[in-house]
Student: 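Input: one structure, supplied below.
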Number of protein chains: 2
Amino acid sequence: MENIKEILISKSLRPTKQRMLIANYLFDGRDKHITAEGLHNKLKKLSLRVSLATVYNTLHDFCEKELLNKVSINSDKIYFDTNTSPHHHFYVAKEQQLIDVSNEIKFKGLPKPPKGKKIDKVEIIIHLKK
Amino acid sequence: MENIKEILISKSLRPTKQRMLIANYLFDGRDKHITAEGLHNKLKKLSLRVSLATVYNTLHDFCEKELLNKVSINSDKIYFDTNTSPHHHFYVAKEQQLIDVSNEIKFKGLPKPPKGKKIDKVEIIIHLKK
DNA sequence: ATTTGTGCAAATCGTTTGCATCTGA
DNA sequence: TCAGATGCAAACGATTTGCACAAAT
């Protein structure tokens with residue numbers, strides 16, 4: 001994927017072997033929600049060895065460069081979302097599963113922010129149960 | 001607060017010294033968002049010694065008995081909310097601060113849940129910035 | 001050659017657990 | 001009495017960090 005190499009360079013990230021492996025896996029066109037450990041295991045299964053520390057570093061680097069978004073849903077793990085356009089989520093607590101919501105959702109009655117603050121973004125989490 | 005003692009009993013929680021201290025602090029009529037550590041420190045400042053483990057146990061017990069709600073906003077700490085009625089939150093990432101939203105917010109375009117699942121609740125987090 | 005990235009292992013931080021001891025009904 | 005609660009310290013799991021070594025420009 002010559003494409004991905006250029007993206008990394010354009011974000012001033014050196015296209016190292018590890019970053020290329022990770023980027024190729026993440027940016028294959030299919031949206032993903034992953035954790036650092038999950039990604040590390042996936043790569044291991046594909047016999048691609050990248051240390052866990054590097055996986056963490058890379059995910060954070062990609063976040064800073066806005067190639068990924070952190071999703072802060074439940075409190076034990078950090079999820080990284082390859083879909084960086086604004087959207088919302090279904091969340092299934094039992095399975096700790098995140099699903100993208102593709103609809104646009106409109107609000108009515110959104111409160112004004114406290115003095116001195118502005119609304120950055122509105123995040124909707126639709127908790128699901130059986 | 002005789003009141004609080006009865007609440008604990010009605011939830012089949014023994015009104016032990018530690019639980020009473022914690023409940024008296026939490027349920028003073030003012031809504032609070034706290035972490036276990038935060039509460040532990042607060043109590044320490046008031047020269048009320050309760051072990052950290054007991055603070056954790058008690059917060060979880062109170063959650064199970066629906067005297068508190070867990071709020072799962074950002075990923076590093078668990079917040080406990082003394083406001084157990086449905087409401088939404090402002091979130092200031094920089095200060096990791098949570099503020100209750102008292103308005104009711106209406107949605108339009110809420111997607112249907114995937115087959116076999118039902119919507120449990122809709123949580124809105126309004127991220128604020130300066 | 002110089003900067004930047006990687007990998008390991010140790011460190012950290014919030015949280016949980018095991019277990020001996022204590023307490024309240 | 002005795003189930004249930006507490007406190008301590010050790011265990012945990014996700015994440016971060018320090019540092020020597022390796023790779024990229």
Side-chain angles (χ1 to χ4, degrees), chain A residues 2 4-26 33-44 47-65 67-68 70-80 96 98, chain B residues 2 4-25 33-44 47-65 67-68 70-80 93 96 98:
Chain A
E2 197 52 41
I4 285 183
K5 188 169 186 174
E6 279 155 24
I7 292 173
L8 294 187
I9 293 173
S10 77
K11 299 284 187 180
S12 18
L13 292 170
R14 285 185 184 174
T16 62
K17 192 164 50 158
Q18 291 82 341
R19 283 178 181 157
M20 286 300 292
L21 291 176
I22 292 174
N24 276 311
Y25 172 75
L26 291 178
H33 301 107
I34 33 104
T35 62
E37 277 228 86
L39 175 55
H40 188 237
N41 289 334
K42 264 289 193 317
L43 295 172
K44 202 179 288 177
S47 326
L48 307 173
R49 53 197 99 265
V50 179
S51 79
L52 184 55
T54 296
V55 169
Y56 273 104
N57 287 335
T58 303
L59 289 172
H60 287 138
D61 293 344
F62 285 5
C63 264
E64 262 163 39
K65 298 305 167 65
L67 296 170
L68 289 175
K70 268 186 217 184
V71 192
S72 38
I73 297 276
N74 120 322
S75 19
D76 41 8
K77 291 177 185 172
I78 299 175
Y79 283 81
F80 295 86
Q96 292 210 177
L98 266 185
Chain B
E2 196 51 41
I4 285 181
K5 188 169 185 173
E6 279 154 24
I7 292 173
L8 294 188
I9 293 172
S10 78
K11 297 286 186 178
S12 21
L13 291 171
R14 286 189 185 171
T16 62
K17 192 164 50 155
Q18 291 83 341
R19 282 178 181 157
M20 286 301 291
L21 291 176
I22 292 174
N24 276 311
Y25 172 74
H33 302 105
I34 34 104
T35 62
E37 278 228 86
L39 176 54
H40 188 238
N41 289 334
K42 264 290 193 313
L43 295 173
K44 202 180 289 176
S47 324
L48 307 173
R49 54 196 99 266
V50 179
S51 80
L52 184 55
T54 297
V55 169
Y56 273 104
N57 287 336
T58 303
L59 289 173
H60 288 136
D61 293 345
F62 285 6
C63 265
E64 262 162 40
K65 299 305 166 67
L67 297 170
L68 289 176
K70 268 185 217 184
V71 192
S72 40
I73 296 277
N74 120 319
S75 19
D76 39 10
K77 292 176 184 174
I78 299 176
Y79 283 81
F80 294 87
Q96 291 211 176
L98 267 185

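As a basis for the values below, the full set of heavy atoms in this structure was taken, side chains included, without hydrogen atoms, waters or symmetry mates. Chain identifiers are assigned alphabetically (A, B, ...) following the order of the sequence lines, protein sequences preceding nucleic acid strands; residue numbering begins at 1 within each chain.
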Student: Could you state the atom-to-atom distance from NE2 of A:H40 to C1' of D:dT16 in whole Å?
Tutor: 15 Å
Student: Which value, rounded to the nearest 0.5 Å, describes the distance between B:L68 atom CG and B:F80 atom CZ?
Tutor: 7.0 Å
Student: For A:K17, does the NZ atom have more than 12 heavy-atom neighbours from other residues, nucleotides or ligands under 6.0 Å away?
Tutor: no
Student: Roughly how far, to the nearest 0.5 Å, is the CD1 atom of A:I34 from the NZ atom of A:K77?
Tutor: 12.0 Å
Student: Could you state the atom-to-atom distance from CG of B:L8 to P of C:dG24 in whole Å?
Tutor: 14 Å
Student: Rounded to the nearest angstrom, tell me the gap between atom CG in B:L39 and atom P in C:dT15.
Tutor: 12 Å
Student: Test side chain to side chain contact (heavy atoms under 4.5 Å, CB included) on A:Q18 and A:N57; report intermediate values, then the result.
Tutor: CA-CA 11 Å; A:Q18 291 82 341; A:N57 287 335; over 6 Å; no
Student: Do B:R19 side-chain atoms and B:R14 backbone N/O form a donor-acceptor pair below 3.5 Å?
Tutor: yes
Student: C:dT6 P sits how many Å from A:L59 CG, rounded?
Tutor: 12 Å
Student: Using a cut-off of 6.0 Å, state whether more than 12 heavy atoms not belonging to A:K65 lie near its atom NZ.
Tutor: yes
Student: Can you check the B:I9 CD1 to C:dA25 P distance for me, whole Å?
Tutor: 7 Å
Student: Which letter, B, S or -, goes with each nucleotide of nucleotides 2-15 of chain D from 5' to 3', with contact meaning a protein heavy atom under 4.0 Å?
Tutor: -BSSSBB-----SB
